[in-house]
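Report on the structure given below.
A note on names: the letters A, B, ... follow the listed sequences, proteins ahead of strands, and every chain is numbered from 1. What you are looking at is a predicted structure, and each value in this text was computed from that prediction instead of being measured.
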There are 2 protein chains.
Amino acid sequence: MKPLNINDIAKAAGVGKSTVSRVLQGQNHVSPDARARIESTIRELGYQPNMVASGLRKRRIQTIGLIIPDISNPFFPEITLGVQQVADERGYAVLLANSGWSNDREEDLVALAQRQRLDGMIINPVHISLAALRAFGHSVVVIGTRAAYREFDAVGSNTAESVQLALAHLHALGHIHILALPGPRGQDSTRNREAAIYTAMQARPDKLPQIHYCEFTKSGGYDAVAALLSLTPRPTAVLCGNDLIAIGMLAGLRERGITVPGQISVVGIDDIELASVCCPTLTTVHKPKREMGMTAANMLIDRIEGNIQSPPQMKKMSTHLVIRESTAAVGISSG
Amino acid sequence: MKPLNINDIAKAAGVGKSTVSRVLQGQNHVSPDARARIESTIRELGYQPNMVASGLRKRRIQTIGLIIPDISNPFFPEITLGVQQVADERGYAVLLANSGWSNDREEDLVALAQRQRLDGMIINPVHISLAALRAFGHSVVVIGTRAAYREFDAVGSNTAESVQLALAHLHALGHIHILALPGPRGQDSTRNREAAIYTAMQARPDKLPQIHYCEFTKSGGYDAVAALLSLTPRPTAVLCGNDLIAIGMLAGLRERGITVPGQISVVGIDDIELASVCCPTLTTVHKPKREMGMTAANMLIDRIEGNIQSPPQMKKMSTHLVIRESTAAVGISSG
DNA sequence: TTGTATGCGTTATCAG
DNA sequence: CTGATAACGCATACAA
């Protein structure tokens, strides 16, 4: 019924509980003889130390939180996998939570993490306030490159580079009239993409892409087709804020009989698995999602364990273009 | 530095710590006056109770474990979302871990869950032994319909029904020579699918599908194309153990210039999001993944909270066929 | 209704 | 090298 505790082991092994505790923690000031006896009784009895108790005492529960918007968005499982791999290797468990893109839920989750006394937290913030994040009181690593959070460690991909790569590709193909779907209006990651567009277009400000806002989802891209078709002159290419938007757009275009890349080229960002399977396969900018997760976890645990005292740093992972079937030179109206 | 504790609040509010504890737990034996004072000081000071300490005392940490093979397999995020939604509503956090289809890792993770004194666990078992699962010592809900685990609560989809639906569909289209890819050899879920095939074919044992084993992955399906092509007479349809296999197969067939569904029909199982986006879109058997997760979480928490004393039950969620583009009548060789 | 004392299972301090 | 003993922060039986 009640699980074994350290006293049971101590008694069974004929030693004091402190000695048991010592071998449990791998300390060296314990005689080989005692150690052997203790280890064998632990194994025989199948004792599993209570991490809750030790967590209370040590103020460390070997668990970190990971707060993401939505695990069913294919971008995040890869991040998660990277985080878990490193966490696991370094002896931490991962508590996963979805904020559902909601500010209230983000703040609730951080408060929960605080009550749970998690050792640290990795968060892909959507709206959460700095105050709420600070209140957590432990180490935090942010996923993303938003300036607002620069007081925390962060890891993100190079948005400027991504957008630059995508636009350069379209330009090289001769596209002048481009529609950009940077994301939902009023979200920081949307603004980041917009800023990147402006930067990339500094040389030819007259050719700035049209901007249309939509959710980071398939249906967001699907619905954007209407906006696309209402523009004159009609854009010959679409730069999508992420692959899901792009895939929704592909579906919408196909339904209307518009060929890709014949009549319109589509490029995404993220390079999720879907991108290599959809039809046509999607030209997109690859983000090293798994590495981002691993890096975030390493940064966080380094902080937790005090290996780093330096000021917060931001790691921008570089991206690269993956050319597939959804883009072609303008005017090649194979459709 | 050190977070506030219940004593700080008691002192600041001019009451005993037990009274604070009472309002924290929403007990009613406390004067409105004291309650008001305590609540306001809690809010003012931003106190967050330490769940580690209360967990140690109450032997409940309001956290459940979820062990799945691989979160990057699109089947599992949906399950996860269902689990998290219910867990959240009922006041539990979810600790997520990937077993990576490895037996050792499964057992390690269960042992970890035990050390962490999780209140319960939902697991999609791959190889783990009953002994290891029993050793956990708390409530367990299994995802899947494997007979070996019937001593635990379980929720799964009706495999017999899924396979039956898929085969009936192919038969209705006139397919006689069918290749089945039930999964990797020696895994229980593979055996389940095989058994379902035999059951479904009881009426015409002479027309039993050929069986070929492969991993539950895209590359598993991709590689299986070679096996398919080596058969004589060549099958006109393939029943895949899951959608990933099917999608890999689609890719492999396309590479070899074999048209789907013109020359070969392909049907999957799961109905992951990819299935509606790949090319051609995939006919498949829909599983209510989200509901499965929700059901599992509800069953688990009911057990944890003692709402259920009945013997372990198995809930089989029913499935339905989703007909898309990858299947057609035999002989319609549009390719 | 409220406060006091004790224990939850570990770890850390400190003599021995 | 080892074993008592006191925290860790909270919940609860019991007393007031």
Select from A:Val20 and B:Ser31 the residue whose nearest nucleotide in DNA chain C is closer to the 5' end of that strand. B:Ser31
Could you go over nucleotides 11-15 of chain D and give all protein N or O partners under 3.5 Å, atom names and distances?
residue: D:dA11; atom: OP2; partner: B:Ser21; partner atom: OG; Å: 2.9
residue: D:dA11; atom: N3; partner: B:Arg57; partner atom: NH1; Å: 2.3
residue: D:dT12; atom: OP2; partner: B:Gln25; partner atom: OE1; Å: 3.2

In whole angstroms, the gap separating P of D:dG3 from NE2 of A:His29 amounts to 16 Å
Spacing of A:Ile38 atom CD1 relative to D:dT2 atom C1', expressed in whole Å: 10 Å
Would you say C:dG9 has OP1 or OP2 under 4.0 Å from some side-chain N or O of A:Tyr47? no
Spacing between B:Asn5 atom CG and D:dA7 atom C1', to the nearest angstrom: 12 Å
Figure out the CZ/P separation between A:Arg59 and C:dA12, and round it to whole Å. 11 Å
Can you tell me the distance, in whole Å, between the CD1 atom of B:Ile9 and the C1' atom of C:dG3? 17 Å
Determine: side-chain N/O of A:Arg117 to OP1/OP2 of D:dG9, distance under 4.0 Å, yes or no. no
Taking all non-hydrogen atoms of both residues, which atom of B:Arg117 and which atom of A:Pro49 are closest, and how far apart? NH1-O, 3.7 Å
Once you apply a heavy-atom cut-off of 4.0 Å, does B:Val52 come out as touching a base, just sugar-phosphate, or nothing? nothing
If we fit an axis to the first five pairs and another to the last five of the helix from C:dT1-D:dA16 to C:dG16-D:dC1, what angle do they make, to the nearest 10°? 40°
Give A:Ala34 one of three labels, base, sugar-phosphate or nothing, depending on what nucleic acid heavy atoms sit under 4.0 Å from its own. sugar-phosphate
So which nucleotide from D:dT2, C:dG3, D:dC8 ends up closest to the side chain of A:Val30? D:dT2
Separation of A:Asp302 CG from A:Gln309 CD (nearest 0.5 Å): 11.0 Å
Rounding to a whole Å, what distance do you find between B:Arg115:CZ and C:dT10:P? 12 Å
Side chains of A:Phe76 and B:Ile71: closer than 4.5 Å at any heavy-atom pair? no
Would you tell me whether B:Ser31 and B:Asp33 have side-chain atoms, one donor and one acceptor, within less than 3.5 Å of each other? no
Side-chain heavy-atom pair B:Phe152, B:Met299 within 4.5 angstrom cut-off: no
Can you find a heavy atom in the side chain of A:Ser189 that is under 4.5 Å from one in the side chain of A:Phe216? yes
Give me the atom names and distance for the closest heavy-atom approach of B:Lys287 to B:Ser157. CE-OG, 3.1 Å
Can you see which heavy atom on B:Ala93 is nearest to which on A:Gln116, and at what distance? CB-OE1, 3.4 Å
Test: B:Arg59 and B:Asp119 ion pair at under 4.0 Å: no
With a 4.5 Å cut-off on side-chain heavy atoms, are A:Arg22 and A:Arg35 touching? no
Which nucleotide wins on minimum distance to the side chain of B:Thr19, given the candidates D:dG3, D:dC8, C:dG3? C:dG3
Whole Å only: how far is the CG atom of B:Asn7 from the C1' atom of D:dC10? 10 Å
Take the protein atom CD1 of B:Ile61 and the nucleotide atom P of C:dG9, then report the distance between them rounded to whole Å. 14 Å
